[in-house]
Amino acid sequence: MTSINRAMFFVSSRTNKIQKRIVKMEYDFREVEKKWQAYWAANKTYKTEDNSSKPKYFVLDMFPYPSGAGLHVGHPLGYIASDIFARYKRLKGFNVLHPMGYDSFGLPAEQYAIQTGQHPRITTENNIARYREQLDKIGFSFDWDREVRTSDPQYYKWTQWIFIQLFNSWYNKKSNKAEKIETLIAEFEKAGNGSINAACELTETFSSSDWNAFSEKDRSDVLLNYRLAFLSNTMVNWCPQLGTVLANEEVKEGVSERGGYPVERKLMKQWSLRITAYADRLLTDLDALDWTESIKEAQRNWIGKSEGTSLKFKIQESSIKNQDLTDTCIEVFTTRPDTIFGVSFVTLAPEHELVEKLTTPEQKKAVDEYITFAKNRSERERMADVKKITGVFTGAYVIHPFTGKQVPIWIGDYVLAGYGTGAVMAVPAHDSRDYAFADYFGINKLVIIQPSVDWDFADKSYDEKEGKLINSDFLNGLEVKAAIKKIIAVIEERGLGKGKTNFRLRDAIFGRQRYWGEPIPVYYENGIPKVVSENELPLLLPEVDKYLPTETGEPPLARAKDWKYKGEFEYEYSTMPGWAGSSWYFLRYMDAHNDKTFASKKAIDYWQNVDLYIGGAEHATGHLLYIRFWTKFLNDLGLIPVAEPAKKLINQGMIQGVSSFAYKLALSIHSSSATAGEELDPHLIPPIIISKSLHEKLWDKSISTDELVALDEFLLNITQIVKKQSSGKLGEVKYFSVSPSYPIHVDVNFVQNNILDKDEFKIFKNGEFKDALFYDNGNENYICGSEVEKMSKSKWNVVSPDKIVEEQGADCLRLYEMFLGPLEQSKPWSTSGISGVSNFIRKLWRLYHNGDELNISNEPATRPELKTLHKTIKKIAQDIENFSFNTSVSSFMICVNELTEFKCNKREVLEPLAILMAPYAPHIAEELWNKLGNTESITYATFPICNEDYLVESSFNYPISFNGKTRFFQEYDRSLSKEDVEKEVLNLDQTQKYLEGKAPKKVIVVHNKIVNIVI
RNA sequence: GCGGAUGUGGCGUAAUGGCAGCCGCGCCAGACUUAGGAUCUGGUGCCGUAAGGCGUGGGGGUUCGAGUCCCUUCAUCCGCACCA
């Protein structure tokens, strides 16, 4: 058959099938789903009222960033789960708030704007329209009247308003909450800052008369040290390619999470939020949350509380060359003060302020060189060779506070300037990092803890907090824990230092040198930062000619023409980070259109906080920490009644994409789909496999036309196989990914006859050539490797739900995504099992129909039919409450299989079944419900109640086991007592057979469960 | 290195300490069919003709009984990481 014939045959057989389907009146999901989606929209079926006598329930999804790639199959996973739960709660009589919106400020729209000149607002609106269309097709029960968009001025007005509240607040450690800045100023005017205990970096004290004598600028500078939103010089992660600073969690392995560009450390004047003030509360309040342990643990790690001691080492007189050196001590932070007698040196971070002043003339050259080296060593390099030990001796010494011996001062970049005091006391024998450093530079190691096990100190340090102290003067003989207690007491008594808690958590840098974000509502008057007044909000994002930094390196907002506060003062040019808008959005849903306040007190008092929050685990230390921080802050100001945003959190697993190594060729991108001279982002070029020889030729551009053609043919061959097996359409898609279930078998003759060298392949991926994962499968065929990874536009492995909705229906997609496995588990996307679900839906439909006619009887149901129904009611309710949606789908299948077998068409059974199905498959459920004669939507029906009476059988079929192995079954009445069961069982012939004449040692009868006979 | 999770048929998975593998995919056989990406019936953990034996990553333990609890070990995935 020629390909044309084949195609014609295909077309005609398909037409036949469609005709037959119409004749047979199979379930027409297309028409039914369209009909009910229109009905729900027209009737505002899912509109939520704020006034209700029903108990409230708030089900929230993490709202998406509307990316240009559209919704992929991973997005709906969590949305379907939350939708099932929301629908279930409605059926259970709750007033459910189930909204959706868009986190619509962000980098990709801006990147796209830079490339195309298209305003990010336009791109974003287009993407949102696409998302909305896709979401609507899946039949979610969102109340769209409450939609929020973080980039909408009516929304970001309140994001800016909250920023102003942060600016106008300080953190009082005495009351342990945020307070208005006015209370602080009043205290300053009255008594200075001497008795204030605030979250603050300022160490100097001043009196009320000092304060009153300060200039306006001085006061502003002082207050910035207290404000929760503040401007300061901070070491930031600067990404030159993106032209902006990034938060720590936006940096992965030294490169930007988005785009993978290098990131360097840079000192910049930046807006930050004082999240560290909340460190302790963010940590302790975790305990009461019903969140997964892994998220809570990730947050605990991120906050990184560590309790220890600060300790001062006096600098040796002769080492103080500088007369103006006021501080004659080096302060270190340690969690192991018990090891003080094992100190053999002190290490400073290269950035430590005392470095320059301490260095002796003899060491100056070496130290300067080292500092230059450390400074130029990028974050990435530093991370890449953590094991590489670098450092230098300053030539100076401190005096050991207890032994009085001199201790050398070293500099090493294993000590971080930003943590603790930027200086450590090194105890090589009992700290592995100090050990490595000492080993490398030949510094002596003093063992001061005797481990209870054999330990070779020539090999490694002993870091455990266990053992007896030795060589430690007054600590000798003590166990580590007792020693810590004692030494802290002594240190405090002698004024050498005190107990101290350190956090790993850093203040959150809040400025981005970017266009597409909320403008920070700040202007500068004579260099003093001031917030715009609240009634002038929103401070609108101004129009600019280009979305790039200015020639002088200022952020894009500096390009805005005539953009001045009151026509004269410069605005702040940086915008807020992506996480700003998402840090309070759950509150806006409660009262989405309020223009007087971010949400009315009445609405907030009613809805409180989120009862169930569903979203990805990737937000563990970013979004979820910030939203908790803002919630606590708003709570401190008395604006909201709760201190946590979400009571329960479920993390849906990631649906991964399968990225294959075989893709359509890069050469064709250059030749056909990329315009001449266009600079392609290397991260957006899909991986390409080429032979090693071709790689070399490409490299020196010596490839011949023939070879190019041959290469193209090879790729064509691959794509044709793909076409045959996964029905990809050649020609419509520029870049080909290969379905994981169909590894490509490339004929070995073909390979040998063409330009590919056996075994030697190179892969071009993420801008680099790497060795490819080709291997011989034993038949001398090659199979392409594939990789399961995050589904993402940049990885070319995005699968959209549209095709499934189009071909199998929304209910099918919903059931199938739930059927894939436990919600929280990550899994690669595969449609291999979808026909089972599709068949199930048709089978469900047939249960209510005879041919094309609705076939429902009002006769009373039989007991077996009722048993099937009621066990399903019980199971579904349990499953939903346990978020075990996958097992529900299987229960539905069992239920429908059983009812089909009974040929059950009783209204008494089928009507409740439709309600059970409604959360999972709302379209078909609504249609069946309607056909059964109901005129109201199924949405507000009542969830059926399980009647346990139908589940109880009069007898029980006991498994009879011998030594734990089941051998046969015997049925007894359920009321038969344990003793009688034992008697009956022992009298059975079969029992005697297995006893082989021996007397049983023991007989265990678990009533209505099992019998176990021990021989 | 620290922390979190996961290991069960060919595959996705299921099992309040009580019959391991429900449900589905795939596969095998059959029925109805011009046809099948439709529907229906039966089968399908592994070894064995069978009787029977073996089976939840490996090794130990608790228990009348362990996929489930405890100890230990291995593998994979994720998060954090010179945090003193």
Side-chain angles (χ1 to χ4, degrees), chain A residues 9 13-14 16-17 20-21 24 26 249 252 292-302 304-306 308 332-336 339 347 382-383 386-389 412-416 418-427 431-434 436-437 463 502-506 617-618 620-621 653-654 656 741 788 807 816 819-822 824-828 830-840 842-843 846 878 884 886-894 897 900 957-969 1000-1006 1009-1015:
Chain A
F9 170 76
S13 77
R14 197 182 168 86
N16 279 346
K17 253 177 273 164
K20 227 169 216 169
R21 196 163 283 171
K24 276 179 77 184
E26 280 264 306
E249 57 276 17
K252 296 272 139 84
T292 58
E293 202 45 45
S294 65
I295 294 277
K296 293 209 260 185
E297 204 50 41
Q299 294 213 343
R300 288 188 191 111
N301 281 342
W302 193 262
K305 182 176 183 169
S306 84
V332 301
F333 175 74
T334 179
T335 55
R336 295 296 304 273
T339 60
T347 317
R382 218 164 134 165
M383 285 189 175
V386 159
K387 293 281 163 286
K388 190 173 165 191
I389 294 150
D413 72 354
Y414 80 98
V415 177
L416 305 175
Y419 184 80
T421 59
V424 300
M425 58 177 227
V427 185
D431 181 288
S432 52
R433 293 152 306 184
D434 298 339
F437 195 86
D463 297 11
N502 257 324
F503 291 95
R504 205 188 68 95
L505 185 72
R506 297 277 83 98
E618 67 273 21
T621 52
M654 216 184 331
Q656 293 138 318
S741 4
V788 171
E807 292 177 2
Y816 181 62
F819 190 56
L820 277 175
E824 300 188 70
Q825 203 166 296
S826 288
K827 51 232 153 193
S830 146
T831 53
S832 63
I834 203 163
S835 63
V837 173
S838 183
N839 291 344
F840 160 74
R842 281 198 291 271
K843 204 165 172 180
R846 284 200 297 274
Q878 268 174 4
S884 175
N886 55 325
T887 51
S888 283
V889 181
S890 122
S891 302
F892 283 131
M893 289 172 172
I894 295 167
N897 287 346
T900 303
N957 202 15
Y958 278 91
I960 314 297
S961 53
F962 293 80
N963 291 335
K965 267 192 189 20
T966 306
R967 295 300 178 177
F968 62 93
F969 292 87
K1001 275 188 194 146
K1002 201 172 181 181
V1003 180
I1004 287 114
V1005 179
V1006 183
K1009 206 146 235 174
I1010 200 168
V1011 176
N1012 190 20
I1013 299 168
V1014 186
I1015 308 169

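Letters A, B, ... are given to chains in the order of the sequence lines, protein chains preceding strands, and every chain is numbered from 1.
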Partners passing salt bridge (Lys or Arg N to Asp or Glu O under 4.0 Å) against A/Asp431 (at least two apart in sequence or in another chain): A/Arg433
B/G30 pairs with, by Watson-Crick or G-U criteria that keep both distances under 3.5 Å: B/C40
Counter-base of B/A20, judged by Watson-Crick or G-U geometry with both distances under 3.5 Å: none
Shortest side-chain distance from A/Asn839, nucleotide among B/G4, B/A38, B/A81: B/A38
Nucleotide paired to B/A84 in any strand shown, Watson-Crick or G-U, under 3.5 Å: none
Nucleotide B/U13, atom P - distance to CZ of A/Phe892 in whole Å: 20 Å
Main-chain N/O of A/Tyr419 paired to A/Asn502 side chain as donor or acceptor, under 3.5 Å: no
Sugar-phosphate only, base, or nothing, as touched by A/Ser890 at under 4.0 Å among non-hydrogen atoms: base
Sugar-phosphate, base or nothing in reach of A/Gln825, heavy atoms under 4.0 Å: sugar-phosphate
A/Lys1002 NZ to B/C64 C1', straight-line distance once rounded to whole Å: 5 Å
Touch class at under 4.0 angstrom, heavy-atom based, for A/Arg846 against every strand present: sugar-phosphate
Given RNA chain B, 5'-ward residue of the pair A/Ile834 and A/Thr887, judged by closest heavy atom: A/Thr887
Between P of B/C2 and CZ of A/Arg504, the distance in whole Å: 17 Å
Sugar-phosphate only, base, or nothing, as touched by A/Val1006 at under 4.0 Å among non-hydrogen atoms: base
Gap between atom NZ of A/Lys827 and atom CE of A/Met654 - 0.5 Å precision: 11.5 Å
Sugar-phosphate, base or nothing in reach of A/Thr292, heavy atoms under 4.0 Å: nothing
Interatomic distance where CD1 belongs to A/Ile1010 and P belongs to B/U63 [whole Å]: 18 Å
Distance, rounded to the nearest Å, where A/Lys843 contributes NZ and B/U41 contributes P: 6 Å
Sugar-phosphate only, base, or nothing, as touched by A/Asn502 at under 4.0 Å among non-hydrogen atoms: nothing
Side-chain donor-acceptor pair present, A/Ser961, A/Asn1012, cut-off under 3.5 Å: yes
Sugar-phosphate, base or nothing in reach of A/Asn897, heavy atoms under 4.0 Å: sugar-phosphate
A/Thr966, nearest nucleotide to its side chain (from B/A84, B/A20, B/A14): B/A20
Nearest-Å distance for atom pair NZ/C1', residues A/Lys827 and B/G12: 10 Å
Nearest-angstrom distance from the residue atom CZ of A/Phe819 to P of B/U13: 11 Å
Within the 6.0 Å centroid threshold, strictly below: A/Phe969 and A/Tyr958: no
A/Asp431 CG to B/G1 P, straight-line distance once rounded to whole Å: 16 Å
5' priority, RNA chain B, between A/Ile295 and A/Phe333 [closest heavy atom]: A/Ile295
Residues A/Tyr816 and A/Ser835: side-chain donor-acceptor under 3.5 angstrom: no
Pairing partner (Watson-Crick or G-U wobble, both distances under 3.5 angstrom) of B/A75: B/U6
